[in-house]
There are 2 protein chains.
Amino acid sequence: MADINISSLADRTAASHADPRTDSAEPMWDIIELLFFAYRDFVSDPDDVLAKFGFGRAHHRVLHFVNRHPGMMVADLLDVLKITKQSLGRVLKQLIDQGYVEQKEGENDRRQRLLFVTPKGEQLAMKLAGLQTERIARAFADLGPQAHDAARRFLVAMIDAEGRDGVQKFIARADRARRPRT
Amino acid sequence: MADINISSLADRTAASHADPRTDSAEPMWDIIELLFFAYRDFVSDPDDVLAKFGFGRAHHRVLHFVNRHPGMMVADLLDVLKITKQSLGRVLKQLIDQGYVEQKEGENDRRQRLLFVTPKGEQLAMKLAGLQTERIARAFADLGPQAHDAARRFLVAMIDAEGRDGVQKFIARADRARRPRT
DNA sequence: CGAAATATGTCAACATGGCTGACATAAATA
DNA sequence: TATTTATGTCAGCCATGTTGACATATTTCG
């Protein structure tokens, strides 16, 4: 996946409608495009595996977050994914029916359906996370020891300012959640 | 867009099916999730604008690459986007019909339909790139002067090894293409 | 207690943007 | 001339997003 093959995209620049400074400064084309290509490759690894299970990216996202945050409420998941409950319902139902995710009644609030991955679900989730981790680890290996920190800070800074703290807490909390003993 | 609101996703970690080391090492959860959140916010800015024009992300990608690479062949675009010509045809036709993109016969090869943005198309493309650039610039401003380079190297390293060179050449060539005079 | 709010699920319909397969046309090339 | 290439187009399918309406159980509040 994802070689570029621009073949002979050479010098057909003849009739370009270039009009510099339609906006203020020059756009950061490099980062804009690298984000596109990097993200596309990043999600392609899981996509290939998921296809064999008859799942798509939507299933991946649900499985990922439930695995990362066992005991998540449906409402929490909707908040994180920012999709409608109808969209979520469709893929969640499939994951439950096929035994990758299960629901348990909340102990305090019996309206809640707390979500957990089954062992089968965890196995798939970890497989997918492993693929993505391999790619990231390869990248960091190429770049030196400070790369992890630099990447983390870059990505955090790219998140909407209002959401930043929430995301970081969310990640930190999940780290605790998945390792009650250690 | 994109605040997280995990509400009270607190300590419902009771019945976690944790089984460490289904794979070898621990996944890099932080980068995996930060990429998800960062990319989601990154594309949300253009999405809002595009919606007002009745366009979607697919139109954005086409407009972006045609703007960046005036004179691109249809086949080049298919290679970059990695979608089928039928999928491309749909959105491309809309962009042409509504006057954002135009086609010209290739001079050497009259089968080719070389793609160009119209002034109207360029204006929209630059508007969208401007939004994304603002976000990136804000991030770099938070992080110091080496941040641009660090981010670029991280993203390049995340691209499939085979595609890496092609992408970098593609970006470099586009930089030349849009500024024949300077 | 009873009313209202909350958490969830479900039905139906629709839009977007991927996909496959088949086929058509014009132009270049062997 | 025959074939290959670049492009377009028709028809239909699938995944995943949307809105709106409504149902159910449970909790919470006045």
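So you know, we letter chains A, B, ... as the sequences are listed, proteins then strands, and number each from 1. None of the values given here were measured: they were computed from a predicted structure.
Distance A:Gln94 CD to D:dA15 P: 8 Å, rounded to the nearest Å. Atom CE of A:Met72 and atom P of C:dA7 are 15 Å apart (whole Å). The separation between A:Leu88 atom CG and C:dT10 atom P is 12 Å, rounded to whole Å. A:Leu78 has its CG atom 14 Å from the P atom of C:dT10, to the nearest Å. With rounding to whole Å, A:Ile96 atom CD1 is found 14 Å from C:dT10 atom C1'. When the P atom of C:dT16 is taken as reference, atom CG of B:Asp47 falls 13 Å away, rounded to whole Å. Across the protein-nucleic acid pair, B:Leu115 atom CG and D:dA6 atom P stand 14 Å apart, rounded to whole Å. Here C:dT6 presents its P atom at 18 Å from CZ of A:Arg113, a figure rounded to the nearest Å.
No side-chain donor-acceptor contact under 3.5 Å links A:Lys85 to the backbone of A:Ala75.
Of all heavy-atom pairs between A:His64 and B:Glu33, the closest is NE2-OE2, 2.7 Å.
Residues that satisfy the side chain to side chain contact (heavy atoms under 4.5 Å, CB included) test with A:Asp149, not counting sequence neighbours, are A:Arg152, A:Arg153. Residues meeting the salt bridge (charged side-chain N to carboxylate O under 4.0 Å, His left out) test with B:Asp109, sequence neighbours left out: B:Arg111. Residues that satisfy the ring pair (Phe, Tyr, Trp, His ring centres under 6.0 Å) test with A:Phe42, not counting sequence neighbours, are absent from this structure. Residues satisfying the ring pair (Phe, Tyr, Trp, His ring centres under 6.0 Å) test with B:Phe55, not counting sequence neighbours, are B:His59, B:Tyr100. Residues forming a ring pair (Phe, Tyr, Trp, His ring centres under 6.0 Å) with A:His60 (at least two apart in sequence, or on another chain): none. Annotation: side chain to side chain donor-acceptor pair (under 3.5 Å) contacts of B:Arg135 (sequence neighbours excluded): A:Asp160, B:Asp45. Checked against side chain to side chain donor-acceptor pair (under 3.5 Å), A:Asn108 has no partners two or more places apart in sequence or in another chain.
Contacts classified as ring-ring contact (aromatic ring centres under 6.0 Å, His included) and involving residues 118-138 of chain B (residues at least two apart or in different chains) are not found. Every pair passing salt bridge (charged side-chain N to carboxylate O under 4.0 Å, His left out) that includes a residue from residues 51-64 of chain B is listed here, sequence neighbours excluded: B:Asp47-B:Arg57.
Once rounded to the nearest 0.5 Å, the distance linking CG of A:Leu88 with CG of A:Leu81 reads 6.5 Å.
The phosphate of D:dT27 (OP1 or OP2) has no side-chain N or O of A:Gln112 nearer than 4.0 angstrom. OP1 or OP2 of D:dT18 lies within a sub-4.0 Å distance of a side-chain N or O belonging to A:Ser87.
Below the 3.5 angstrom threshold, one finds a donor paired with an acceptor across the side chain of A:Arg90 and the base of D:dG17. No N or O donor and acceptor, one from the side chain of B:Gln86 and one from the base of D:dG12, sit under 3.5 Å apart.
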Discussion item. Please encode protein proximity along nucleotides 23-28 of chain C as a string of B, S and -, counting only heavy-atom distances under 4.0 Å.
Written reply: ----BS
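At a non-hydrogen distance threshold of 4.0 Å, A:Gly56, A:Arg57, A:Ala58, A:His59, A:Arg61 from residues 54-61 of chain A come into contact with DNA chain D.
Direction change of the helix axis from one end of the helix from C:dC1-D:dG30 to C:dA30-D:dT1 to the other is 20°, with five pairs defining each end axis (rounded to 10°).
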